[in-house]
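Proteins get letters first, then strands, A, B, ... in listed order; numbering begins at 1 in each.
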Protein chains: 2
Amino acid sequence: MDFEMNLDERKIKILKAIIKDYILTGEPVGSRTISKKYELGVSSATIRNEMSDLEEWGFIIQPHTSAGRIPSDKGYRLYVDKLMEYQAIEDDQLRLFERTLEQKIDQIDELMMEVAKLISYFTNYTSMVSSPQIQKTKLKHMQLIPLDKRSVMLIIVTNANIVTNNVIRMDVPADQDTLNILSNMLNESLRGLTIEEINLPLIQSLKLKMGIYGEIVNSILDAIDHTIQRKNTPDIYLSGTKNLLNFPEFGDLVKTKQIFHTLEEKELLASLLSKAANDGIKIIIGQENEIDEMKHCSIITASYEIDGKTVGTIGVIGPTRMEYSKAVSILSYISRNLDKLLKKISDG
Amino acid sequence: MDFEMNLDERKIKILKAIIKDYILTGEPVGSRTISKKYELGVSSATIRNEMSDLEEWGFIIQPHTSAGRIPSDKGYRLYVDKLMEYQAIEDDQLRLFERTLEQKIDQIDELMMEVAKLISYFTNYTSMVSSPQIQKTKLKHMQLIPLDKRSVMLIIVTNANIVTNNVIRMDVPADQDTLNILSNMLNESLRGLTIEEINLPLIQSLKLKMGIYGEIVNSILDAIDHTIQRKNTPDIYLSGTKNLLNFPEFGDLVKTKQIFHTLEEKELLASLLSKAANDGIKIIIGQENEIDEMKHCSIITASYEIDGKTVGTIGVIGPTRMEYSKAVSILSYISRNLDKLLKKISDG
DNA sequence: AGTTAGCACTCGAGCTAATAGAGTGCTAAC
DNA sequence: GTTAGCACTCTATTAGCTCGAGTGCTAACT
């Protein structure tokens, strides 16, 4: 028995060949295929011996006796960690992305959806995009608008011109002028802060400052708080869910239905994406996935920033037989350039 | 040959039995099944004779010689037009809907998504919901907010507290006070009008009225116009796309992929739904569908109103073998009560 | 005239057996 | 250490077969 694991260069080459070929074709890869298609200068018999070792060490799997080998999750893991060559994003994709950048998109939700579409179009996988976490963006302007006698709308504009609104039910009626004064005071005190920076001491001092408006301020601060709570789970945009159906591994409708079900659980996806935050590129392969229904998928996520702060995540879902290097390069490129797109919204 | 089409009561009963059974089981229905399961007081041989007529007239189809009959699109059409019995919405569904009504939902997009989820949950089909057309809703409040030296944000609040926002690039800088005055003037002139009522003569008279602010007003009215243009295609919310995979008729992955593809084309769905506007309940069966990829589906849509005006549409997509009466009753109930939900957003 | 029992006929679903071929592991020679 | 050769294994495909559901037609019955 060969208990010592000695991954020499030739074994690496063979493993890479198996993974590449299997990602390309989806069919188990045999020793003859490798010796013919990939120039290793050795015969299929030698390769068979090497493959036997690779299988013993768990990097590849034989679906049945008379079939070739397919990579295991462990094999893919080694591949993405050490073996994979990063590739540049393709020129035409670059151009298409630039063109999108030139388009006039003035709503953040449209932009997010457009980004999701681009990712799924570029990768041929299902894409996910989470909108910027509002807590980490800075307050730019607040405005109170009278709706009727007892209710007021609070509009909050942040950093990248993300607009949220909130109806506040007032105990005390307030007229337009009062609301304008209040809006000004709020702006003076809070502008430039991120929403998560608005804490209890700050709120107390605000109440004192507001003097006669104290009681109204209460409701308003509640509303701000409510905004934070509600927006704790960011909006999730999906695109290209149909792409999963392209892959024979999703021919089993029962399993595939479960995946589609998961994709509709936006909270689940939100937590999945938020875990990836701050990590740059993160790759989850098959069984590594925490969500049971996703254990036959791989997920790649990439976080993106506004003003140097990580505020959201983009990602793709595909079969474990995923074109990791391609997907990584695309996600990495888009995540690095997403802040430009977001800034463009601000420019009006 | 029997060229005269004489649809007597017994034939109707048999046709109804075939459709009911096929909707239930998805299997072709034989004459013996009908004579045993549905009490018609005649033998299978008699039913065979009648079925032969029904087939000749195109209401049912025999997939192959030794199979039972399945309804044709024409058969379903007759069924939904004349034969179908409307059924009351189930009690537990009613309760669940009421409970949703009690929940605090203060954003229109959340509400729309919630409604879509309810519909797909109730019907087990894929649901579509289009957000209220902003053009037909009335202006409640407009507010200009300064962002930076050269740009201003226009917030428009309409009827059901639907909020839209728009960044305006100004040629002339404008300070907070000017913007407040302008906001007030705009509100006085335009409040209560629907957006589509804001036409050229009105705009002209506004410009005169605004006097010294004339040049600024231009940009603002452009922005309003832009809002109308952009929001011409309403937002579409989908839920339960995975439900399609429940039905054996969508086992063919190639066709199903096409349907999923169509479901991602929001513009297409928007036009599909908008065509249904003003029509109350509308049923599109199989081949009747204009979209090729949808010719194996049936679609039911129902329009909904705000303040007596039709502003949007809800609907379901399923196999032609759809539980029409159930789906119709659910859509009809929800569409009739949707305005209550929308009003609740207004109440804060 | 309408209904029904009886029966031959058709055709798909599902089972079995046979075959072809891809790929392996092992052995012996290089 | 490498490789040619070969027996062996297992799947996928095909062909042939049977079974049974369902039909249409005919002849008898009411």
Exercise. Identify which one of Y333(A), Y121(A), F122(A) satisfies the ring pair (Phe, Tyr, Trp, His ring centres under 6.0 Å) criterion when paired with F97(A).
Key: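 Option passing the ring pair (Phe, Tyr, Trp, His ring centres under 6.0 Å) with F97(A): Y333(A).
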Self-check item: Cationic N near anionic O, under 4.0 Å, E85(A) to K16(A)
Solution: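 Yes, this pair counts.
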Quiz item: Taking NZ, NE, NH1 and NH2 as the nitrogens, is one of them in K242(B) or E264(A) under 4.0 Å from a carboxylate oxygen of the other?
Solution: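 Salt bridge absent between K242(B) and E264(A).
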Rounded to whole Å, how long is the line connecting atom [atom1] of [X] with atom [atom2] of [N]?
{"X": "D53(B)", "N": "dT23(D)", "atom1": "CG", "atom2": "P", "answer": "14 Å"}
{"X": "I34(B)", "N": "dG22(D)", "atom1": "CD1", "atom2": "C1'", "answer": "12 Å"}
{"X": "D21(A)", "N": "dG23(C)", "atom1": "CG", "atom2": "C1'", "answer": "14 Å"}

Quiz item: Given that T65(B) and N49(B) both sit by DNA chain C, which one's nearest nucleotide is further toward the 5' end?
Solution: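 So the residue in question is N49(B).
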Practice problem: Select from H64(B) and S44(B) the residue whose nearest nucleotide in DNA chain C is closer to the 5' end of that strand. | Solution: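 It is S44(B) whose nearest nucleotide is closer to the 5' end.
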Would you please confirm or rule out a distance under 4.0 Å between OP1 or OP2 of [N] and any side-chain N or O of [X]?
{"X": "S66(B)", "N": "dC9(C)", "answer": "no"}
{"X": "R10(A)", "N": "dT2(D)", "answer": "yes"}
{"X": "R48(A)", "N": "dA22(C)", "answer": "no"}
{"X": "R69(A)", "N": "dT24(C)", "answer": "yes"}

Quiz item: Where the side chain of A45(B) is defined as all heavy atoms beyond and including C-beta, which of dT4(C), dA4(D), dT23(D) is the nearest nucleotide?
Solution: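 Per side-chain heavy atoms of A45(B), the pick is dT4(C).
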Self-check item: I119(B) CD1 to Q93(B) CD distance, which is reported to the nearest 0.5 Å
Solution: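 I119(B) atom CD1 to Q93(B) atom CD measures 11.5 Å (nearest 0.5 Å).
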